[in-house]
Amino acid sequence: MDASKRLLWLDFGKAAGILVVLLVHAEWNLGLVTFYGGMFYMPVFFVAAGYTFRQKEGEDYFTYLKKKAKRLLLPYFGANLFLWLFFWVKDSCLSGNPGDLKPLSLFGILYSRNQMYTDLCRPDQEVLLNLLNAPLWFLTGMFLTYAFYGLISRNRRKYVFLALGAAASVLWHYSAGLLLPWSLDAAPYFACFFAAGEWFREQKKEKLLGELWFLGLLLVVFLLSSGLNGTMNLSKGDYGHSMLLGLLAGTSGSLLVLAAGMCLERKWISVMKAAAVIGQETLTILCFHMFLFMFIKTGASMLGLPSGLTKALLVFGSAGVLTAAGRAAAGILTLCRGR
């Protein structure tokens with residue numbers, strides 16, 4: 001999205017999502033904050049993507065896919081290549097044995113899932129994305145969600161195909177237990193979050209996010225569905241007790257966060273702008289925060305910092321450093337293109 005046309009409340013929603021990602025990966029348990037945050041921290045990205053989704057008139061499907069691949073797959077393979085090379089050099093220098101990077105790591109990058117089976121099916125299994133690249137599964141999952149939704153959106157019976165795809169995801173999840181590469185099994189389910197965001201924009205329902213009755217309804221749905229469903233971990237195919245409840249919790253939670261962003265935009269615009277900057281750099285944060293975590297943990301251990309302070313540094317330190325890095329990289333690219 002063009003910087004001049006960005007919606008601050010949408011960036012705020014993505015900032016909230018990525019901060020919960022950092023909290024979870026830093027293993028900072030904040031009780032209800034991390035529990036309820038775990039309901040929306042991935043869905044909010046799909047809802048936001050759906051809200052900004054447009055079908056350009058005259059654009060063929062493969063041109064559309066090429067643009068999404070450039071946006072999502074180039075960072076995916078670029079970040080993985082960087083991490084692979086870093087650990088290859090690290091192991092070569094420290095142990096003289098680069099063979100420690102086993103073929104499983106390469107398979108994990110190609111498969112793009114943290115594991116091959118759900119925990120219910122196989123509780124003890126090897127981690128596939130084992131180069132501090134576990135969060136990168138999201139990029140291929142988002143790409144296939146764009147691919148699926150872009151395809152069905154070209155048909156007048158879009159919502160019929162959406163329902164059929166979601167039903168296929170549900171049937172596969174409860175019958176197979178196998179997590180398909182690139183989240184192929186989950187992409188039609190993720191597309192339901194996507195569709196919720198697009199519907200909200202197309203029906204011009206943004207004003208509802210300022211209506212107390214609607215916010216109250218969303219809050220009731222969110223609290224009930226979250227409480228009944230329990231924790232979710234979409235990267236591992238864990239949807240809680242019910243995929244339908246997970247869909248309700250994820251959608252309602254995402255809309256509540258976006259509503260909070262709208263409220264901040266009206267009342268505390270300076271705070272909002274600062275938070276929205278993080279939301280504009282979520283790709284950089286997602287790709288490299290676990291890599292940066294490694295250095296922060298090492299430094300904190302050497303300094304003997306307490307656990308609470310270390311976790312705070314992991315979350316807010318990595319958010320700050322990677323946001324600055326993302327903005328610097330974007331500025332350099334802009335200068336290069338201008339020459």
Side-chain angles (χ1 to χ4, degrees), residues 14 17 21 39-55 61-62 64-77 80 108-118 121 128-129 133-155 157-199 232-240 242-251 254 282-283 286:
K14 292 190 288 183
V21 170
M39 300 298 130
F40 70 80
Y41 74 128
M42 284 288 104
V44 71
F45 293 103
F46 292 106
V47 173
Y51 186 88
T52 58
F53 176 78
R54 301 288 193 282
Q55 282 278 29
Y61 181 64
F62 292 102
Y64 162 83
L65 273 188
K66 184 178 178 181
K67 289 181 179 178
K68 300 310 175 188
K70 184 178 179 181
R71 172 65 177 161
L72 294 165
L73 298 188
L74 279 181
Y76 176 79
F77 287 107
N80 274 304
I109 292 171
L110 297 176
Y111 203 80
S112 194
R113 297 301 290 265
N114 282 316
Q115 55 196 55
M116 289 191 67
Y117 300 92
T118 62
C121 185
L128 301 182
L129 293 172
N133 55 349
L136 297 181
W137 74 272
F138 173 78
L139 298 182
T140 51
M142 177 65 90
F143 174 75
L144 285 194
T145 303
Y146 267 117
F148 174 72
Y149 200 77
L151 185 62
I152 66 173
S153 291
R154 296 166 187 270
N155 193 291
R157 298 181 178 179
K158 173 175 67 176
Y159 292 111
V160 173
F161 288 111
L162 179 68
L164 290 173
S169 283
V170 172
L171 287 173
W172 180 268
H173 173 72
Y174 289 112
S175 62
L178 174 67
L179 303 178
L180 296 178
W182 289 37
S183 302
L184 181 62
D185 53 305
Y189 177 79
F190 296 157
C192 294
F193 296 118
F194 207 96
E198 186 194 34
W199 180 87
M232 297 192 297
N233 188 337
L234 300 185
S235 68
K236 300 166 66 175
D238 182 359
Y239 302 97
S242 164
M243 292 180 78
L244 176 58
L245 286 174
L247 187 61
L248 288 174
T251 302
S254 298
T282 53
L283 182 61
L286 181 77

*Asks:* Please report the interatomic distance OG1(Thr140) to CG(Leu110), rounded to the nearest 0.5 Å.
*Replies:*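 One gets 11.0 Å once the value is rounded to the nearest 0.5 Å.
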*Asks:* Between Cys192 and Leu247, which heavy-atom pair has the shortest distance, and what is it?
*Replies:*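 Scanning both residues completely, I find the closest heavy atoms to be CB-CD1, 3.6 Å.
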*Asks:* Indicate yes or no for a side-chain donor-acceptor contact from Ser112 to the backbone of Ile109 under 3.5 Å, with no hydrogens or angles considered.
*Replies:*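 No.
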*Asks:* Taking Ala147's backbone N and O only, do any of them form a donor-acceptor pair with Tyr61's side chain (distance below 3.5 Å, no angle check)?
*Replies:*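 At least one qualifying donor-acceptor pair exists.
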*Asks:* Which heavy atom of Leu162 sits nearest a heavy atom of Ala195, and at what distance?
*Replies:*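 The pair with the smallest heavy-atom distance is CD2-CB, 3.5 Å.
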*Asks:* Taking all heavy atoms of Tyr76 and all of Gly108, pick out the closest pair and write down the distance.
*Replies:*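 Tyr76 and Gly108 have their closest heavy atoms at OH-O, 4.1 Å.
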*Asks:* Quick one: do Trp172 and Leu178 satisfy side-chain contact (heavy atoms from CB on, under 4.5 Å)? Show the steps, please.
*Replies:* CA-CA 8 Å; Trp172 180 268; Leu178 174 67; 4.1 Å; yes
*Asks:* What are the two closest heavy atoms between Gly240 and Met232, and how far apart are they?
*Replies:*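 In this case the closest contact between Gly240 and Met232 is N-CG, 4.0 Å.
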*Asks:* Does the ring center of Phe161 lie less than 6.0 Å from the ring center of Phe148?
*Replies:*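 Centroid separation for Phe161 and Phe148: 6.0 Å or greater.
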*Asks:* Roughly how far, to the nearest 0.5 Å, is the CG atom of Leu136 from the CG atom of Asn80?
*Replies:*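 With rounding to 0.5 Å, CG (Asn80) is 5.0 Å from CG (Leu136).
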*Asks:* Between Pro43 and Leu234, is there a side-chain heavy-atom distance shorter than 4.5 Å?
*Replies:*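 Yes, close enough: below the 4.5 Å cut-off.
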*Asks:* Going through the distances and angles, do Phe143 and Leu65 end up as a side-chain contact (heavy atoms from CB on, under 4.5 Å)?
*Replies:* CA-CA 8 Å; Phe143 174 75; Leu65 273 188; 4.1 Å; yes
*Asks:* Enter the distance from Leu184:CG to Leu179:CG here, rounded to the nearest 0.5 Å.
*Replies:*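 Rounded to the nearest 0.5 Å, the CG-CG separation comes out at 11.5 Å.
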*Asks:* Rounded to the nearest 0.5 Å, what separates atom OG in Ser235 from atom CD in Gln115?
*Replies:*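 The distance works out to 7.0 Å.
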*Asks:* Within the side chain of Asn233, is there an N or O that forms a donor-acceptor pair under 3.5 Å with the backbone of Asp238?
*Replies:*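 Here the side-chain-to-backbone pair does not exist.
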*Asks:* Taking all non-hydrogen atoms of both residues, which atom of Thr145 and which atom of Gly141 are closest, and how far apart?
*Replies:*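 Smallest interatomic distance, heavy atoms only, reads OG1-O, 2.8 Å.
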*Asks:* Flag yes if more than 12 heavy atoms outside Arg157 fall under 6.0 Å of its CZ atom; otherwise flag no.
*Replies:*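 Not buried by this count: 12 neighbours or fewer within 6.0 Å.
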*Asks:* Using the benzene-type ring in the case of Trp, are the ring centres of Phe46 and Phe138 under 6.0 Å apart?
*Replies:*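 Ring-ring flag for Phe46/Phe138: true, centres closer than 6.0 Å.
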*Asks:* Can you name the closest pair of heavy atoms from Lys158 and Ser153 and give their distance?
*Replies:*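 Nearest pair, atom of Lys158 first, then Ser153: CD-OG, 3.4 Å.
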*Asks:* If you apply the rule side-chain contact (heavy atoms from CB on, under 4.5 Å), what do you find for Leu286 with Leu139, and how did you get there?
*Replies:* CA-CA 9 Å; Leu286 181 77; Leu139 298 182; 3.9 Å; yes
*Asks:* Enter the distance from Tyr149:OH to Met142:CE here, rounded to the nearest 0.5 Å.
*Replies:*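 These two atoms lie 13.0 Å from each other.
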*Asks:* If you take the centroid of each ring, where Trp contributes its six-membered ring, are Phe193 and Tyr189 closer together than 6.0 Å?
*Replies:*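 Between Tyr189 and Phe193, the centre distance is under 6.0 Å.
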*Asks:* So does Arg71 have more than 12 non-hydrogen atoms from other groups sitting under 6.0 Å from CZ?
*Replies:*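 No, not enclosed.
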*Asks:* Using 0.5 Å steps for rounding, measure from the SG atom of Cys121 to the CE atom of Met116.
*Replies:*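 Between atom SG of Cys121 and atom CE of Met116 there are 10.5 Å.
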*Asks:* In terms of the angle between their ring planes, are Trp182 and Phe77 parallel, tilted or perpendicular, with boundaries placed at 30° and 60°?
*Replies:*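 Ring orientation of Trp182 relative to Phe77: tilted.
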*Asks:* Please evaluate residues Met243 and Tyr174 with respect to the criterion side-chain contact (heavy atoms from CB on, under 4.5 Å), reporting the C-alpha separation (whole Å), side-chain torsions for both, the decisive distance (0.1 Å), and the verdict.
*Replies:* CA-CA 10 Å; Met243 292 180 78; Tyr174 289 112; 3.6 Å; yes
*Asks:* Could you check if a side-chain atom of Ser183 sits within less than 4.5 angstrom of a side-chain atom of Arg113, using non-hydrogen atoms only?
*Replies:*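 Contact flag for Ser183/Arg113 side chains = yes.
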